[in-house]
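Structure, as structure tokens:
These numbers were taken from a predicted model, which means no experiment stands behind them. Chain A is the first sequence line, chain B the second, and so forth, proteins listed ahead of strands; every chain is numbered from 1.
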Number of protein chains: 2
Amino acid sequence: MSLPHAILTALLDEDLTGYALAKQFDVSLGFFWQASHQQIYRELKGLHSMGGVNVLEVPQHGKPDKRVYSLTNQGRQMLDSWITQSTRHRGAKDELFIKLFNVGSVPIEQVTEAVKQRQIEHVRRLELYRKIEARSYASPSTLPDRKKGVYLSLLAGIRQEQTAVTWCDDALNLLATVKP
Amino acid sequence: MSLPHAILTALLDEDLTGYALAKQFDVSLGFFWQASHQQIYRELKGLHSMGGVNVLEVPQHGKPDKRVYSLTNQGRQMLDSWITQSTRHRGAKDELFIKLFNVGSVPIEQVTEAVKQRQIEHVRRLELYRKIEARSYASPSTLPDRKKGVYLSLLAGIRQEQTAVTWCDDALNLLATVKP
DNA sequence: AATTTTTATGCAAATAGTTGCATATAAAAC
DNA sequence: GTTTTATATGCAACTATTTGCATAAAAATT
């Protein structure tokens with residue numbers, strides 16, 4: 001139930017079209033809550049009918065009209081009261097661990113391969129996060145308040161990926177001792 | 001799309017009723033893929049109609065009849081071919097980070113409180129995992145193959161929680177520097 | 001003796017999320 | 001010159017997940 005709030009959060013800094021929001025979700029905010037453009041368009045409609053956002057229709061020639069959304073005072077209040085509510089932790093759902101539970105009953109190569117693939121993903125994300133850190137968050141202590149939360153999210157991402165990469169190494173070592 | 005496979009995995013070791021499966025999902029397997037009993041009953045029906053599981057109806061007096069499910073050869077093959085398929089990584093969805101993106105725009109106390117609450121959860125899970133580790137996985141090197149994957153999952157859980165607890169500390173320190 | 005928990009199953013409705021399709025133009029790359 | 005990428009929106013169908021309800025009895029607790 002947080003997609004609307006994620007959208008409102010993205011609109012804190014700047015007014016955006018659904019398209020631009022979808023792109024924002026592919027980076028930054030989307031590292032912690034991804035959504036497809038279809039979902040975003042649907043939610044924007046919902047938020048508009050609830051008064052959380054305003055729309056400015058910008059006519060364009062040829063292309064469909066642009067609809068630029070901005071946060072309303074009511075939208076701000078929605079965010080505010082949502083943040084007060086208890087954060088519900090969605091138990092992580094990870095297929096990889098189910099696969100690991102099959103070790104000893106299915107051919108080991110497939111599981112090993114899955115861990116290797118996963119490690120590549122973690123390494124990729126870690127590199128991306130580190131790049132963002134170096135570019136925009138090199139000196140955390142001098143950050144303006146507005147950026148501190150974003151930095152902390154990035155820091156969580158970096159540490160999670162680092163932990164995962166190390167675990168993959170250890171997992172591959174132990175899996176190497178499993179008889180086929 | 002992995003709930004059926006999680007169920008099949010749980011049936012590798014022992015035959016179980018839907019009820020018992022739901023309880024299994026509250027521990028062990030469920031640390032990485034939780035499901036409600038309603039979901040499980042529905043999936044079991046689906047798996048049965050697809051031939052992945054057998055049912056043994058055990059009549060009981062008073063209570064509804066027990067339906068004990070067991071893995072079929074076809075079920076084993078379903079698991080086997082699923083493990084070969086690429087593991088899809090669900091981008092983590094975490095409300096807490098959305099809340100962090102609001103730092104600087106909403107009262108800071110609420111965000112701080114959310115992080116504190118989260119830390120309590122992580123500590124609780126970490127303690128639970130460590131207890132399981134001490135009880136059943138104290139010497140990983142002597143584990144039978146069948147248990148190695150389960151141990152690796154537990155290890156991932158422990159490290160994830162440890163990383164998260166540490167991050168919460170650092171986050172609380174930085175959030176303490178944010179002006180209200 | 002009364003209440004709560006555990007065992008055991010399941011339907012129905014609502015919410016959330018994914019996938020496939022559909023349209024239409026401009027700009028950039030090959 | 002043709003293909004791909006980017007801009008810009010959205011419906012419809014499907015799949016997945018959650019929440020609320022309903023039943024019913026044994027066992028454990030207060």
Side-chain angles (χ1 to χ4, degrees), chain A residues 1-7 10 15-27 29-30 32-50 53 55-69 82 85-95 98, chain B residues 1-7 10 15-27 29-30 32-50 53 55-69 82 86 88-95 98:
Chain A
M1 226 288 217
S2 319
L3 180 53
H5 303 104
I7 290 173
D15 300 347
L16 293 166
T17 64
Y19 184 81
L21 268 165
K23 276 206 304 181
Q24 282 269 297
F25 270 78
D26 285 340
V27 291
L29 241 186
F32 313 104
W33 201 284
Q34 357 67 51
S36 63
H37 67 100
Q38 292 94 333
Q39 242 180 307
I40 288 166
Y41 285 125
R42 205 176 332 105
E43 284 306 337
L44 279 170
K45 222 164 268 184
L47 281 169
H48 185 239
S49 74
M50 289 166 66
V53 293
V55 200
L56 179 69
E57 298 216 23
V58 180
Q60 301 192 121
H61 51 290
K63 305 179 205 176
D65 290 354
K66 214 188 256 191
R67 319 181 107 248
V68 182
Y69 290 89
W82 173 70
Q85 287 162 36
S86 76
T87 312
R88 85 145 188 259
H89 188 66
R90 343 189 108 231
K93 295 205 169 175
D94 198 328
E95 289 190 7
I98 304 178
Chain B
M1 228 292 216
S2 319
L3 180 53
H5 303 104
I7 290 172
D15 299 349
L16 293 166
T17 64
Y19 185 81
L21 268 165
K23 277 207 303 181
Q24 282 270 298
F25 270 78
D26 285 341
V27 290
L29 240 186
F32 312 105
W33 200 284
Q34 359 65 53
S36 62
H37 66 102
Q38 292 94 332
Q39 242 180 306
I40 287 166
Y41 285 125
R42 205 176 331 106
E43 283 305 337
L44 279 171
K45 222 164 269 184
L47 281 169
H48 185 239
S49 75
M50 287 166 66
V53 293
V55 201
L56 179 69
E57 298 215 22
V58 181
Q60 301 192 121
H61 50 290
K63 304 182 207 175
D65 290 354
K66 217 188 255 195
R67 320 181 106 248
V68 182
Y69 291 90
W82 173 68
S86 76
R88 83 144 188 260
H89 188 66
R90 343 187 110 231
K93 294 204 171 175
D94 198 329
E95 289 190 6
I98 304 178

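For the pair B:Leu29/B:Gln24, no side-chain contact is recorded, criterion being any heavy-atom separation below 4.5 Å from C-beta on. For the pair A:Lys93 and B:Trp33, the minimum side-chain heavy-atom distance is below 4.5 Å.
Contact of B:Gln38 with D:dG20 (side chain to base): a donor-acceptor pair of N or O atoms is detected under 3.5 Å. Between the side chain of A:Arg42 and the base of C:dT18, a donor-acceptor pair under 3.5 Å is found.
Taking side-chain N and O atoms only, B:Tyr19 has no distance below 4.0 Å to OP1 or OP2 of C:dT9. In this model, the phosphate group of C:dT7 is approached by a side-chain N or O of B:Lys23 to a distance below 4.0 Å at OP1 or OP2.
When the P atom of C:dC11 is taken as reference, atom CD1 of B:Ile40 falls 15 Å away, rounded to whole Å. Between the P atom of C:dA16 and the CD atom of A:Gln39 lies a distance of 10 Å, rounded to the nearest Å. Computed from coordinates, the A:Asp26 CG to D:dT5 C1' distance equals 14 Å when rounded to whole Å. Rounded to an integer number of Å, the gap from B:Lys66 NZ to C:dT7 C1' is 8 Å. Rounded to whole Å, atom P of D:dA16 lies 20 Å from atom NE2 of B:His37. Here D:dT9 presents its P atom at 11 Å from NZ of A:Lys45, a figure rounded to the nearest Å.
Listed nucleotides D:dG10, D:dT19, D:dT17 differ in distance to A:Tyr41; the shortest reach to its side chain belongs to D:dG10. The side chain of A:Thr17 has D:dT9 as its nearest neighbour among D:dT18, D:dT9, C:dA8.
A donor-acceptor contact shorter than 3.5 Å links the side chain of A:Thr17 to the backbone of A:Ala20.
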Worksheet item: Would B:Ile7 and B:Phe25 satisfy side-chain contact (heavy atoms from CB on, under 4.5 Å), going step by step from the backbone distance to the final call?
Response: CA-CA 9 Å; B:Ile7 290 172; B:Phe25 270 78; 4.2 Å; yes

